[in-house]
Protein chains: 2
Amino acid sequence: MNTTQRYSRKREAILLALRGTTEHPSAETIYTWLKPAHPDLSLGTVYRNLSFFMENGDIISVGTVDGQERYDGNAAPHAHFICKNCGRVIDVDIPDILEARDKSVEDSAGVSVTGHAATFTGLCADCRQRETQ
Amino acid sequence: MNTTQRYSRKREAILLALRGTTEHPSAETIYTWLKPAHPDLSLGTVYRNLSFFMENGDIISVGTVDGQERYDGNAAPHAHFICKNCGRVIDVDIPDILEARDKSVEDSAGVSVTGHAATFTGLCADCRQRETQ
DNA sequence: TTCGTTGCAAACATTTTGCAGTTTC
DNA sequence: GAAACTGCAAAATGTTTGCAACGAA
């Protein structure tokens, strides 16, 4: 159970990649990004570190889009928009209106709520334009 | 492109199974439920019909829980609670507070919104009890 | 008779894991 | 030197698909 974490150049790179983008990448996307600068990086390491960060609460999952789990380096609760056509995930800047409901969910369902997520779906600007032209 | 749908006893059974439960089952769960009454049912058929229903808008997906996609026979927008421990999905009966935000998401992100989902996470009553004892 | 639907099994894609070698402390 | 971390490749898992047989209209 007790493990002391050590520094790792690749772990740092993976976290920085997630923190430095708004793209909500999949494990494979991160791998592709980092491979040039870390030629000996393996996909397994990316997966292992993503699980690691998730357990630590450093990152969150946006869910599975087109069969691939997508990650967000911003662990603060915020809403997302997912394009049904291209799978793009966009941060949505609206107030956290679900927070006020946590308690009522706990009461009505007899559960304990530790998180919540709001997700909007539809067509992103690019895909919308492509469809109407 | 144009296809005329035909009746199928198994398709009907799959839809009825989804409509008759609040359990938000996976494809495999539905398969297990129906197998006794339909011994020649195959998992591929369950997947094919679930995709079919989703395209028709008859059912919705709750998302991927523990690696398996979970379905809901109630296509009306409503909130869900997902237990992080056992994966149970529970319908949550709160007003559709996200609907009022659709427009502002469209304006701020330049997208067109066709749907939204509110998901709460935490521990269900059973898992909560198990942890505290 | 037509063609939508299915079972079966193979194919596919994503993610996980075992192990031996490497790196951090 | 101990133990965390990694590459590699194999394994595991969930889902999709090709094809021949079946069934509804």
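We name chains A, B, ... by the order of the sequence lines, and we start the count at 1 in each one. This is a predicted model, so every value here is computed, not measured.
- Residue Arg9(A) is classed as having no contact, given no heavy-atom separation below 4.0 Å to the nucleic acid.
- Taking atom CZ on Phe52(A) and atom P on dT15(C), their separation rounds to 20 Å, with Å as the unit.
- If you take CD of Glu55(A) and P of dA4(D), they are 14 Å apart, rounded to a whole angstrom.
- Where Gly44(B) and Gly67(B) each meet DNA chain D at their nearest nucleotide, the meeting point lying more 5' is that of Gly67(B).
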Are Glu69(A) and Ser61(A) close enough, and set up right, to give a side chain to side chain donor-acceptor pair (under 3.5 Å), and what steps lead you there? CA-CA 7 Å; Glu69(A) 181 147 29; Ser61(A) 166; 2.6 Å; yes
Yes or no on side chain to side chain contact (heavy atoms under 4.5 Å, CB included) for Leu18(A) and Asp72(A), after CA distance, side-chain angles and deciding distance? CA-CA 7 Å; Leu18(A) 264 167; Asp72(A) 190 332; 5.9 Å; no
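- In this structure, CG of Leu43(A) is placed 13 Å from P of dT6(D), rounded to the nearest angstrom.
- The phosphate of dT6(C) has OP1 or OP2 within less than 4.0 Å of a side-chain N or O from Ser8(B).
- Because its NZ or CZ atom is not both nearer than 6.0 Å to the ring centre of Phe120(A) and within 45° of the ring axis, Arg101(B) does not count as a cation-pi partner of that residue.
- Classified by interplanar angle (parallel below 30°, tilted 30° to 60°, perpendicular above 60°), the ring pair His24(A)/His80(A) is perpendicular.
- We find that CG of Leu15(B) is positioned 14 Å from P of dT5(C), with the value rounded to whole Å.
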Would Thr114(A) and Lys84(B) count as a side chain to side chain contact (heavy atoms under 4.5 Å, CB included) if you check the C-alpha gap in whole Å, the side-chain angles of each, and the deciding distance to 0.1 Å? CA-CA 9 Å; Thr114(A) 56; Lys84(B) 281 179 163 178; 3.7 Å; yes
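- What separates CD of Gln68(B) from P of dT15(C) is a distance of 15 Å, to the nearest Å.
- Counting any heavy atom pair closer than 4.0 Å across all strands shown, Arg48(B) reaches a base atom.
- Between Asp66(B) and Tyr7(B), it is Asp66(B) whose nearest contact on DNA chain D lies nearer the 5' terminus.
- Under 4.0 angstrom from either OP1 or OP2 of dT15(D) there lies at least one side-chain N or O belonging to Tyr47(B).
- The side chain of Ser51(B) sits closest to dT16(D) out of dT6(C), dT16(D), dG14(D).
- Distances shorter than 4.0 Å separate none of the side-chain N or O atoms of Lys10(A) from OP1 or OP2 on dT23(C).
- Checked against dG7(D), dT15(D), dT6(D), the side chain of Glu69(B) finds its nearest nucleotide in dT15(D).
- Within 4.0 Å of Thr4(A), counting heavy atoms only, lie sugar-phosphate atoms of the nucleic acid but no base atom.
- Here the P atom of nucleotide dA3(D) and the CZ atom of Arg11(A) are 17 Å apart, to the nearest Å.
- One atom, CG of Leu41(A), and another, C1' of dC8(D), lie 12 Å apart when rounded to the nearest Å.
- Here Arg6(A) does not reach the OP1 or OP2 of dT23(C): none of its side-chain N or O atoms lies under 4.0 Å away.
- For the pair Thr45(A) and dC5(D), the criterion of a side-chain N or O lying under 4.0 Å from OP1 or OP2 is not met.
- dC3(C) atom C1' lies 14 Å from atom CD of Gln5(B), rounded to whole Å.
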